[in-house]
Peer 1: 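Below are the structure tokens for one structure; questions will follow.
First listed ligand is number 1; within each ligand, the first listed atom is number 1.
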Amino acid sequence: MYIYADNAATTKMSRAAIEKMTPYLAECYGNPSALYSLGQRAKDALEESRETVARLIGAEPREIVFTSGGSESDNQAIRSAAEAGAKKGKRHIVSDAIEHHAVLHTLKRLEREGFEVTLVPVTPEGIVEPDVVRAAIREDTCLVTVMTANNEIGTIQPVKEIGKICRARGVLFHTDAVQAVGHIPLSVGELGVDLLSASAHKFHGPKGVGFLYAKRGTPLANLIEGGAQERGRRAGTENVAGIVAMAAALEEAVAGIERNAKRLIPLRDRLIAGLSKIPHGALNGDPVRRLPSNVNFCFEGIEGESLLLLLDDRGIAASSGSACTSGSLDPSHVLLAIGRPHGVAHGSLRLSLGEDATEEQIDYMIEATSDVVSYLRGFSPVWHDLADRKAEFVL
Ligand SMILES: *Cc1c(COP(=O)(O)O)cnc(C)c1O
């Protein structure tokens, strides 16, 4: 059995998206800025894709800027709001402790450039509370950025309520919706956001392409100088084939949201129930307000890395959290922010299901994880100290 359970890191491209994009690589390869018909056909495909993407998130086509993915969209959104704020003497930004590094590292850089950043804490379930955001907003706040859904622990944030607060206070609001777009119902009008980031490879489109929604009238700064593509907001010859594929993938993903949630939520909860039987382990994130595909656990007395390698031997592709932290020895900032101690945060496992997951696969994952956790604990000095009561169990 081979189970790909790392869909929060990236997804397999959909057949429809591959088929839609191929002609734009092979035959219709013209530059959309060219005047001859080969270029104009590419331009038409680009604009049609813009209309599709806009319609699927409740936006207008002119509010969509195509980018190279989620990281670029996050960078551009935050930098744009910061630059606009600085012009009015507003140099304070509100965000939270469990954002993706594309947001957190952009904020770090802005701090070095003289901005002040408040990262509000989250609840032990990983929820950003609207009242806490409200209390953090100041007279000089130019931006609030809170993700729609967390990539590690799957928590779905009260973005709509936070959007209301931002509107009332006249503060720009950005949401990193990379994990949400194509997975949960979403419309920019309803969310009340000014800026929203998305990435194609998280919803069965290709890697290296995404989009930024910027509500009409929202100031946008360029990250990349050059030609006048994307109405002067993002230079560089457009990734036409990728963009066409993204639109096709999003169309399919949005059409399947309800059906997939109905199928996945019971499977997710079966997996959670099964893994909960492993002693001295705990679910990370909120049991209800979470993505239909996300399961994340901590197990005491083991190293997440060893767990992943042994699961791989059994044909399960999983992750310890975010792709950015795997390979480094630092535990996940998200798990630390929800209050997991260092030692416990090291023993984490994220299983993010694909829409085609089956009950048989779920049961196999439960069995394999239970086996591997017991096996690893068998020769873990940390576990033996805990078992011999030389150290205290946390979970
Ligand atoms: C994957 C991810 C990103 C980065 O997107 P890329 O397209 O890989 O650059 C940003 N934010 C979140 C929440 C993500 O899950």
Peer 1: Table please: side-chain donor-acceptor pairs of residues 175-188 below 3.5 Å, with sequence neighbours left out.
Peer 2:
unit_1, atom_1, unit_2, atom_2, d
T175, OG1, V146, O, 2.6
T175, OG1, T148, N, 3.0
T175, OG1, T148, OG1, 2.7
D176, OD1, V178, N, 3.0
Q179, NE2, A8, O, 3.0
H183, NE2, K202, O, 2.7
S187, OG, E190, N, 3.3

Peer 1: Test of understanding: with salt bridge (Lys or Arg N to Asp or Glu O under 4.0 Å), list the residues that count as partners of D6, not counting sequence neighbours.
Peer 2: R350
Peer 1: Please answer: with hydrophobic residues joined when any side-chain heavy atoms are less than 4.5 Å apart, are L196 and F173 in the same cluster?
Peer 2: yes
Peer 1: Give the table of side-chain donor-acceptor pairs shorter than 3.5 Å for residues 375-393, with sequence neighbours excluded, one pair per line with atom names and distance.
Peer 2:
unit_1, atom_1, unit_2, atom_2, d
R377, NE, E300, O, 2.9
R377, NH1, P279, O, 2.9
R377, NH2, P279, O, 3.1
R377, NH2, H280, O, 3.1
R377, NH2, E300, O, 3.0
S380, OG, G301, O, 2.8
S380, OG, V382, N, 3.3
S380, OG, W383, N, 2.9
H384, NE2, G378, O, 2.8

Peer 1: Regarding D44 and R41, does a basic nitrogen lie under 4.0 Å from an acidic carboxylate oxygen?
Peer 2: no
Peer 1: Salt bridge check, R79 against E113: does any charged N sit closer than 4.0 Å to a carboxylate O?
Peer 2: yes
Peer 1: So what's ligand 1 close to, N/O to N/O, under 3.5 Å?
Peer 2:
unit_1, atom_1, unit_2, atom_2, d
ligand 1, 7 (O), G70, N, 2.9
ligand 1, 7 (O), S199, OG, 2.6
ligand 1, 7 (O), H201, NE2, 3.4
ligand 1, 8 (O), H201, NE2, 2.9
ligand 1, 9 (O), S71, N, 2.9
ligand 1, 9 (O), S71, OG, 2.7
ligand 1, 11 (N), D176, OD1, 3.4
ligand 1, 11 (N), D176, OD2, 2.6
ligand 1, 15 (O), Q179, NE2, 2.7
ligand 1, 15 (O), K202, NZ, 2.7

